[in-house]
Amino acid sequence: MTNLEESTSEQGTHPGAHDAVASRADFSGEGRVVLAATPIGNVSDASARLVKLLQTADIVAAEDTRRLFDLANRLDVRVKGKVVAYHDHNEHMKADGILDDVERGATVLLVSDAGMPTINDPGLTMVRRAIDRGIPVTCAPGPSAVLDALALSGLPTDRFCYEGFVPRKHSERLQHFRSLLAEPRTIVFYETPHRIEDAMEDLASVFPANRPMALARELTKDYEEVRRSTVAGILDSVKNDPPRGELVLVIQGASVEEIQEGVGAVTVLGAPDLAALAQARAQSENIRIKDAIAQIVAEHPLPDGSLPNKKEVYNAALSLTHHRPAQQ
Ligand code: SAM
């Protein structure tokens, strides 16, 4: 017996699926894991290899079994193997049981809801454990929104970094954006429609307004659209015409000129230096020391994009005041 969870769907529970795995496994010894990309919108993007694997794999580990059967129906394919739910919440528990079946000879097809497994989707645990156990793991590649958006953005593709989803929280977003300000490679982010405006506000507060960027949405679908502009232009367009559907942001990396001008350059100052700067700012602009500290701290992010501790700077400012020599 395996410990695999049976799908409740008709195709997933067809009689004998499990026995077929076990008996074949006893003799073949040719098991493997195949990660397969599935369409991100246009079903015609399914590869011939994906179709064949759906028909022939002994086990299909799917992020969402209903979506798997929906895809199979649209491809007019019958999934003959056993279907198991394999998602972020159970992959740590499930991976080894599935790999036991692979060791007994099963071919396991691993698919996520859309695109490439492991790219902000389940699969990495399976890959790592397969590697640890010396079990063959391979890939049937195909659609992924990262590469589709990057290629359509018109921005440099020779070097890029994929940053996953933009952080949800305002403070984490700002920190993350600051840490990428001097990144020379093209930067790719995933984002959702309900957070895009907040994300763009924060992006525009950190990145130069004229930095080229693109927003790609609904790739491969009927309403596919790629907006190509600058950080300021995309912020405007998001406000004036909120994009719906699935989104990818692509931002050009820092130019040589920007880097020479010191964009994102980090000079780490200690609390006493920041306090001295804040006092000078408070005096020259006739503002409260608290407000001056907030400004100075915001202007001096640490290398990871986080900001120096305001309280420490405040304490340093207090002790500077106390130790200042009496004026003649
Ligand atoms: N594994 C997928 C891949 O390889 O692209 C990514 C899965 S992640 C959970 C889903 C996110 O990918 C969406 O929120 C969106 O940012 C992006 N995405 C997926 N399909 C897309 C599409 N057709 N157009 C634009 N972005 C898409």
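Quick note: numbers below take in every heavy atom, side chains included, and nothing from hydrogens, waters or symmetry partners. When a ligand or atom number is given, it counts from 1 through the structure's own listing order.
Classification of Arg129 and Asp96 as a salt-bridged pair holds, one side-chain N sitting under 4.0 Å from a carboxylate O. Under 4.0 Å is where a charged nitrogen must lie from a carboxylate oxygen, and between Glu258 and Arg211 at least one such pair does. Ion pairing between Arg227 and Asp241 holds under the 4.0 Å rule for side-chain N and carboxylate O. Using a cutoff of 4.0 Å between basic side-chain nitrogens and carboxylate oxygens, Arg32 and Asp58 are not scored as salt-bridged. Salt bridge Asp132/Arg128: absent, no basic N to carboxylate O contact under 4.0 Å. Under 4.0 Å is where a charged nitrogen must lie from a carboxylate oxygen, and between Glu201 and Arg195 no such pair does.
Protein heavy atom nearest atom 5 (O) of ligand 1, with residue, atom name and distance: Tyr190 OH, 2.6 Å.
Remark: aromatic rings of Phe189 and Tyr162 are distant, center separation not under 6.0 Å.
Proximity of Glu224 to ligand 1, defined as any heavy-atom pair under 4.0 Å, is not found for any part of the residue. The residue Ala149 has no part lying near ligand 1, judged by heavy-atom distances below 4.0 Å. If you look at Leu219 next to ligand 1, the close heavy atoms, those under 4.0 Å, come from the backbone and the side chain alike.
Less than 4.0 angstrom separates some heavy atom of Lys221 from each of these atoms of ligand 1: 23 (N). Which parts of ligand 1 touch Val248 is read off a 4.0 Å heavy-atom cut-off, strictly below it: atoms 25 (C), 26 (N). The ligand atoms of ligand 1 that sit less than 4.0 angstrom from a heavy atom of Ala145 are 3 (C), 5 (O), 17 (C), 18 (N), 19 (C), 21 (C), 26 (N), 27 (C). Residue Ser144 approaches ligand 1 through these ligand atoms, each under 4.0 Å from one of its heavy atoms: 3 (C), 4 (O), 5 (O). Less than 4.0 angstrom separates some heavy atom of Phe165 from each of these atoms of ligand 1: 8 (S), 10 (C), 11 (C), 14 (O). Residue Glu191 approaches ligand 1 through these ligand atoms, each under 4.0 Å from one of its heavy atoms: 16 (O). Near Ala114, meaning under 4.0 Å from any of its heavy atoms, are these atoms of ligand 1: 1 (N), 2 (C).
Checking Ile119, Leu247, Asp45 against atom 15 (C) of ligand 1, the nearest heavy atom belongs to Leu247.
For the pair Met116 and ligand 1, the shortest N or O to N or O distance falls below 3.5 Å. Among the atoms of Ile40, some N or O lies under 3.5 angstrom from an N or O of ligand 1.
Note: Thr157 OG1 to Arg185 CZ = 14.0 Å, rounded to the nearest 0.5 Å. Interatomic distance, Asp113 CG to Asn120 CG, rounded to the nearest 0.5 Å: 12.5 Å.
Assignment of Gly41 to the shell around ligand 1 is not supported, since no heavy atom sits closer than 4.0 Å. For Thr220, the closest heavy-atom approach to ligand 1 does not fall below 4.0 Å. The shell of residues lying under 4.0 angstrom from ligand 1, judged by heavy atoms, excludes Thr192.
You'll find the side chain of Glu191 stays beyond 4.5 Å of the side chain of Val248, heavy atoms only.
Hydrophobic clustering (ILVMFWY, side-chain heavy atoms < 4.5 Å, transitive): Ile196 and Ile251 are in one cluster.
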